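Since this is a predicted model, take the numbers as computed values, not measurements. In listed order, ligands and their atoms are each counted from 1.
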Amino acid sequence: MGIRTGTEYIEALKSRQPEVWMGGKRIKDVYNEAVFHQPIHEIAKLYDMQHNDEYRDDITYICEETGERVSQAFKVPKSYEDLKARSTLFEVWARATFGLMGRTPDFLNVTVTAMASNAWFLEQYDSQWANNMVNYYKYIRDNDLFLTHAIINPQNDRSKSSHEQSDEFTHLGVVEEREDGFVVRGAKMLATLAPITDEVIIYSFPGFRPGDEKHAIAFALPIDTPGLRIICREPAQDGTRSLFDHPLSSRYEEMDALLVFNDVFVPKNRIFINQNVEAGNLLYPKTGIGQQPAHQSGVRGLIKLQFASEVAARVADSIGVDGYLNVQTQLGELMQSVEAIRALLRISEHEYETLEHGEVMPAGTPLETIRGMLPKMYPRAIEVIQTIGAGGLLMSPTEADFLNPELRGDTEKYYVGREGISSEERVHLFKLAWDLSGEAFGQRLLQYERYYSGDPLRRLGRFYTSYKRNNQFAMVDEALKGTKVDQGQLT
Ligand SMILES: Cc1cc2nc3c(=O)[nH]c(=O)nc-3n(C[C@H](O)[C@H](O)[C@H](O)COP(=O)(O)OP(=O)(O)OC[C@H]3O[C@@H](n4cnc5c(N)ncnc54)[C@H](O)[C@@H]3O)c2cc1C
């Protein structure tokens, strides 16, 4: 089949009935649920871009094996040009959502591609796992599927490992082994966009300890598999908000969910790791499933940071404050953050690493540096929007106020910006800024940037220890050479 259209994605969605819960209610018709409706259409637009002459040749390619056109996310990169082609896909899709949707289909499609191209790792343990992985990759590539993932155990008692939790199957684990597969019970988090995806893939960040065998698993299932329950967080918008009043949250909310597996059967051909602590812990470092998707996250993060910086600049300009030095320095700081991330991305692509079997990966150190810096730069951009927008962010009237003729005299007069900026323009801009910086939607976007790929603090600690392993910090010895205590001067 190859690349899907938006309509094909939506038709597939309509054909399924996953067990989705939100606000205490079972959502039977995901497509027509107001909260999901617009985000579904934003994802559909991405699929349509694959068929659009303007983007098609940049973001898709003809698969040698099948002769069909598929997404660039499925190409195993073998050269700098291949990495750039991927980067173009990431950028085109990120721009389409202003970087506000992090788990667009490219993210996990790239992850599964990395798992499959490094199936040698699974082969060491069980050739069936490796075959399953490669077949799964082909299946999602050829059907252009959209995946969610849940790789974290629920936040119960973090001081204890999975098998030490008060109930053995609080964290997802194998409760029964069968000839034709296994049955899993327990929960996993935090599956972004789960209700509107096709499939879920389960694996884990390293951290299993001996005794956690039942929990050290990896597998994939259709999102509507019986027994799989999706419990959504409270929505940040109800799906009926005015586009004028909420230009971002009304369109780009990514729902997050806890996945509960109530004795769910996983067929043998969908199992990638079966109760193996070592394989579970080494999956990340050995298959590039951290580094390859970090490329997508870096590009998407750049677009999001750039977007927030542009919003800050336009807010400042609209009320005539960007001539003040204190405002200029804040905006200049944001522009430099954007340029720093852009430079790091380019370095990661230019200084790519080549694996033994020929696959190339963007260099890890600059990508990890982005991962360390964005959780500080993005909140700073939001703080700058709040600081420059100040009280104005909180006094915007609504679309309904603008439409009421009785209020027109006031709405047209008191909300104007600097010369040339009408009331409606300024209010519209400030509403966008508030969606991004003040609304629950914007706070979730902040939290996403901090935590989307693990705890930034522990990552930074690991970054230092690995940096130290590869560096002797030899300049210090150089500088001290010839300046030691001169023993000859001893009296
Ligand atoms: C908006 C959003 C979307 C997300 N989307 C996804 C998704 O699609 N799929 C997915 O699988 N995950 C997703 N995540 C989850 C993300 O992977 C986790 O939030 C992240 O890994 C951090 O884990 P945690 O939230 O359980 O925090 P915890 O690990 O519980 O950490 C809580 C606090 O305790 C500290 N802490 C905990 N353990 C230790 C320790 N051993 N040593 C030192 N300090 C410690 C941390 O520093 C932190 O401050 C998402 C998260 C967010 C916020």
Side-chain angles (χ1 to χ4, degrees), residues 39 43 97 99-112 115 146-162 164-165 170-172 186-209 212 215 217-221 223 230-237 249 252-261 280-281 283-284 289-290 293-294 296-297 300-301 304 371-372 374-376 378-379 382 436 439-465:
I43 297 290
T97 57
L100 305 181
M101 296 183 99
R103 303 298 196 208
T104 45
D106 48 340
F107 179 81
L108 279 158
N109 292 347
V110 162
T111 307
V112 171
M115 282 188 197
F146 180 16
L147 275 56
T148 187
H149 72 321
I151 58 176
I152 303 291
N153 293 312
Q155 207 176 35
N156 308 114
D157 186 344
R158 284 282 187 257
S159 68
K160 291 182 176 156
S161 62
S162 291
E164 292 167 342
Q165 300 293 317
T170 304
H171 294 181
L172 182 71
K188 210 83 181 165
M189 74 180 211
L190 192 149
T192 296
L193 286 173
I196 65 169
T197 55
D198 301 298
E199 292 260 328
V200 55
I201 184 163
I202 298 293
Y203 51 98
S204 294
F205 269 142
F208 291 117
R209 295 184 209 153
D212 284 340
H215 307 276
I217 49 181
F219 62 86
L221 287 171
I223 199 70
I230 300 167
I231 306 180
C232 300
R233 64 163 161 78
E234 187 175 0
Q237 49 90 28
S249 62
Y252 302 114
E253 178 168 24
E254 289 190 299
M255 178 50 75
D256 306 293
L258 181 81
L259 300 184
V260 178
F261 293 78
N281 284 338
L283 184 70
Y284 256 92
I289 60 166
Q296 187 266 11
S297 303
R300 189 223 26 96
K304 184 170 166 183
R371 182 67 192 101
L374 266 178
K376 293 171 201 138
Y378 184 73
I382 297 307
L436 196 61
E439 282 278 325
F441 168 79
Q443 297 310 308
R444 186 248 171 216
L445 288 176
L446 253 183
Q447 198 70 343
Y448 184 87
E449 233 40 66
R450 289 196 181 103
Y451 286 111
Y452 72 84
S453 73
D455 175 10
L457 295 182
R458 276 175 281 165
R459 287 191 81 119
L460 194 52
R462 280 199 301 273
F463 181 82
Y464 168 69
T465 42

Atoms in ligand 1 with a heavy atom of [X] nearer than 4.0 Å:
X      : result
Ile152 : 17 (O), 21 (O), 26 (O)
Thr192 : 3 (C), 4 (C), 5 (N), 6 (C), 7 (C), 8 (O)
Phe205 : 21 (O)
Arg444 : 1 (C), 3 (C)
Asp256 : 3 (C)

Donor-acceptor pair between [X] and [Y] side chains, under 3.5 angstrom:
X      : Y      : value
Gln447 : Arg450 : yes
Asp256 : Thr192 : yes
Arg103 : Thr148 : no
Arg459 : Tyr464 : no
Ser162 : His215 : no

Does ligand 1 come near enough to [X] that some N or O of the ligand is less than 3.5 Å from an N or O of the residue?
X      : result
His149 : yes
Ile151 : yes
Gln155 : yes
Thr148 : no
Tyr448 : no

Any donor-acceptor pair under 3.5 Å from [X] side chain to [Y] backbone:
X      : Y      : value
Asn281 : Gly207 : yes
Lys304 : Leu445 : yes
Gln165 : Lys160 : yes

Would you mind checking which non-hydrogen protein atom is closest to [atom], with the distance to 0.1 Å?
atom                    : answer
atom 22 (C) of ligand 1 : Tyr451 CD2, 3.8 Å
atom 47 (O) of ligand 1 : Asp455 OD2, 2.5 Å
atom 21 (O) of ligand 1 : Gly454 CA, 3.1 Å
atom 37 (C) of ligand 1 : Arg458 NH2, 3.2 Å
atom 26 (O) of ligand 1 : Arg158 NH2, 2.5 Å

* **Protein contact for atom 29 (O) of ligand 1 (heavy atom, distance under 4.0 Å)** => yes
* To do: Using protein heavy atoms only, decide if any is under 4.0 Å from atom 33 (C) of ligand 1.
  => no
[X] and ligand 1 - part of the residue with a heavy-atom distance under 4.0 Å:
X      : result
Gln447 : both
Arg103 : side chain
Met189 : both

* Structure fact -> Which of Ile223, Val260, Leu258 passes side-chain contact (heavy atoms from CB on, under 4.5 Å) with Ile230? Answer is Ile223
* **Option whose closest heavy atom lies nearest to atom 13 (C) of ligand 1, chosen from Leu445, Leu457, Leu190** => Leu190
* Asked: If you look at every heavy atom in Glu449 and Gly301, which pair is closest and at what distance?
  -> OE2-CA, 4.5 Å
* Give the minimum heavy-atom separation between Ser297 and Phe107, together with the two atoms involved. => OG-CE1, 3.6 Å
* To do: Would you verify whether the NZ or CZ of Arg300 falls within 45 degrees of the ring axis of Tyr452 while also being under 6.0 Å from that six-membered ring's centre?
  => yes
* Evaluate the ring planes of Tyr284 and Tyr203, with Trp represented by its six-membered ring, and classify them as parallel (under 30°), tilted (30 to 60°) or perpendicular (over 60°). => tilted
